[in-house]
Amino acid sequence: MGEMIFLNPVFKEVIWGGNKLHTMFGYDIPSDHTGEGWMISAHKNGDCVISSGAFEGKTLSWLWDNHRELFGNLEGEVFPLLVKIIDAKQHLSIQVHPDDAYAAEKENGALGKTECWYVLDCEPDSTIVVGHNAKTKEELKQMIEDKRWMDLIRIRPLHKGDFFQINPGTVHAIRGGSVILEIQQSSDITYRLYDYDRLQNGKPRELHLEKSIDVIRCPHQENDFAVQKTSGDGFEAELLVRCPFYSVTKVTVTGKAVFEQNEPFQMISTIDGEGTIDGVSLKKGMNLILPAGYGTYEVEGNVTFMVSGV
């Protein structure tokens, strides 16, 4: 049985970011425009450093390259997943992600980006963009050409606790006033379709219209995964999604519960309440990895967390 792997997050300052990574989770952030905390990442644009234990000071990518046994000897060049907390003070651009095949061809062998969102918090009357209204590529091109953005995008009401699976080819945008836990493939490839004509340093941010049109799926397809609920001694679990890249389960512990880590690795993201995992403090916003062969672990307290893995 290995030890739990705790990591230092990497923070990203962005035009639309805020300060909730500090006010909600207590993190020491670089500014009041901090939009993302990369909580578990081995991506070259934000490689988390291990904060304690035998591998303290090493990066997660180093661990993946040098101790693959901790990840069940999984195949692959790169650690496959990335966990972020996103604080959107303002709207993010309307965007779409490619799949693995398109990204491999057009983006120097990068992974595509399948992702999912769990809404940690949002202001009253918040909304989110998931999907579009064009029936065909021709109609899509025409609507983009005519800049009929509000006719094109599907804006939906948003509530704390909502969950969305965002498959490649899905038009999407997180909007202002929401804080979201994102679990995704380890990729930083995003095609920007529309950015509300905002200026950054006096210039509009780059759009990727051609690639966006290439990858947007027409018509939009709803993700129809049905949540599967189970319960056991001291806990309730909801499997929110299982796709070819990851599965995500929301677990709520009241009192004490024992679980089994029998996957190549498990990522734990605490989203509410507090407690302990094998005696170590577990607070909202904390993320860690349980390595291969970790075995059973005990969670105590009133705490809700996501368990994700490949």
Side-chain angles (χ1 to χ4, degrees), residues 1-10 38-84 99-100 103-104 109-116 118 165 181-188 225 228 230 232 235 237-251 253 257-271 277-280 282 286-299 305-310:
M1 150 169 171
E3 54 179 42
M4 295 186 267
I5 300 164
F6 289 91
L7 304 151
N8 292 322
V10 176
W38 291 22
M39 298 292 160
I40 299 177
S41 168
H43 193 281
K44 63 180 191 300
N45 296 349
D47 200 352
C48 294
V49 172
I50 296 159
S51 61
S52 59
F55 301 108
E56 184 178 349
K58 300 288 190 199
T59 60
L60 184 54
S61 69
W62 180 91
L63 202 62
W64 173 258
D65 289 340
N66 292 283
H67 287 280
R68 195 66 65 91
E69 74 282 358
L70 295 174
F71 307 99
N73 292 312
L74 282 171
E75 300 280 303
E77 292 268 302
V78 294
F79 182 75
L81 300 177
L82 202 166
V83 178
K84 296 177 181 172
D99 62 13
D100 282 352
L111 289 178
K113 195 165 165 192
T114 302
E115 66 187 22
C116 62
Y118 181 86
Q165 166 77 352
L181 177 74
E182 179 172 288
I183 295 164
Q184 56 161 89
Q185 285 180 272
S186 184
S187 170
D188 208 14
F225 188 88
Q228 296 164 17
T230 51
F235 76 92
E238 295 173 70
L239 177 63
L240 300 175
V241 67
R242 179 180 282 135
C243 72
F245 305 103
Y246 49 73
S247 68
V248 179
T249 303
K250 177 184 170 186
V251 180
V253 170
V258 175
F259 303 96
E260 182 78 30
Q261 187 338 41
N262 49 16
E263 298 173 47
F265 65 90
Q266 274 181 1
M267 303 187 298
I268 291 189
S269 306
T270 315
I271 58 172
I277 177 167
D278 284 348
V280 179
L282 210 48
M286 282 179 72
N287 292 261
L288 62 129
I289 300 173
L290 298 178
Y294 188 85
T296 57
Y297 59 99
E298 185 176 86
V299 177
F305 54 94
M306 295 292 186
V307 179
S308 48
V310 290

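When every heavy atom of Gly112 is checked against every heavy atom of Ser187, the shortest pair comes out as O-CB, 3.2 Å. For Ala54 against Glu3, the heavy-atom pair with the smallest separation is N-OE2, 2.9 Å. The two atoms that bring Leu7 and Ser51 nearest to each other are N-OG, 3.9 Å, heavy atoms only. The shortest non-hydrogen separation linking Val310 to Pro264 is CG2-CG, 4.2 Å. Smallest separation of non-hydrogen atoms from Ser308 and Ile183: OG-CD1, 3.8 Å. When all heavy atoms of Ala42 and Phe79 are compared, the closest pair comes out as CB-CB, 3.6 Å.
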>> Is there a side-chain contact (heavy atoms from CB on, under 4.5 Å) between Val251 and Val299? Walk through the geometry before answering.
In response: CA-CA 10 Å; Val251 180; Val299 177; over 6 Å; no
> Ile50 and Ile5: side-chain contact (heavy atoms from CB on, under 4.5 Å), yes or no, with the steps?
Replying inline: CA-CA 7 Å; Ile50 296 159; Ile5 300 164; 4.1 Å; yes
>> One pair to check against side-chain contact (heavy atoms from CB on, under 4.5 Å): Phe265 and Ile40. What are the steps and the verdict?
In response: CA-CA 12 Å; Phe265 65 90; Ile40 299 177; over 6 Å; no
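Every residue meeting the side-chain hydrogen bond (donor to acceptor under 3.5 Å, both in side chains) condition with Asn45, not counting sequence neighbours, appears here in chain and number order: Asp188. For Ser269, the side-chain hydrogen bond (donor to acceptor under 3.5 Å, both in side chains) partners two or more places apart in sequence, or in a different chain, are Asn287. Judged as a side-chain hydrogen bond (donor to acceptor under 3.5 Å, both in side chains), and not counting sequence neighbours, the contacts of Asp100 are Gln185. For Asp65, the side-chain hydrogen bond (donor to acceptor under 3.5 Å, both in side chains) test picks out no residue, with sequence neighbours left out. Residues forming a ring pair (Phe, Tyr, Trp, His ring centres under 6.0 Å) with Phe235 (at least two apart in sequence, or on another chain): Phe259. Residues that satisfy the side-chain contact (heavy atoms from CB on, under 4.5 Å) test with Glu263, not counting sequence neighbours, are Gln261, Gln266. Partners of Glu69 by side-chain contact (heavy atoms from CB on, under 4.5 Å), not counting sequence neighbours, listed by chain and number: His67, Asn73. The side-chain contact (heavy atoms from CB on, under 4.5 Å) search around Gln228 returns Phe225, Leu239, not counting sequence neighbours. When the side-chain contact (heavy atoms from CB on, under 4.5 Å) test is applied to Ser52, the partners found at least two apart in sequence or on another chain are Phe6. Residues that satisfy the ring pair (Phe, Tyr, Trp, His ring centres under 6.0 Å) test with Tyr118, not counting sequence neighbours, are absent from this structure. Listed by chain and residue number, Glu36, Glu182 satisfy the salt bridge (Lys or Arg N to Asp or Glu O under 4.0 Å) test with Lys84 (two or more places apart in sequence, or in another chain).
Between Ile268 and Met286 the shortest side-chain heavy-atom distance does not fall below 4.5 Å. Side-chain atoms of Ile289 and Leu63, non-hydrogen and from C-beta on, never get closer than 4.5 Å to each other. Inter-residue side-chain proximity for Asn66 and Phe55 is flagged as unmet; no heavy-atom pair is nearer than 4.5 Å. Considering only heavy atoms from C-beta on, Val248 comes within 4.5 Å of Met306 through its side chain. A 4.5 Å side-chain heavy-atom check between Thr114 and Gln184 finds every atom pair outside the cut-off.
The backbone N or O of Leu70 lies less than 3.5 Å from no partner atom in the side chain of Trp64, so there is not a single donor-acceptor pair. A donor-acceptor pair under 3.5 Å links the side-chain atoms of Ser41 to the main chain of Gly46, judged by distance alone. A donor-acceptor contact shorter than 3.5 Å is absent between the side chain of Tyr246 and the backbone of Val241.
Atom CD of Glu260 has more than 12 neighbouring heavy atoms from other residues, nucleotides or ligands inside a 6.0 Å radius.
Taken from CZ in Phe305 to OG1 in Thr249, the straight-line distance is 10.0 Å, to the nearest 0.5 Å. For the atom pair Leu290 CG and Ile277 CD1, the distance stands at 5.0 Å (nearest 0.5 Å). Distance check: Lys44 NZ to Ser186 OG gives 9.0 Å after rounding to the nearest 0.5 Å.
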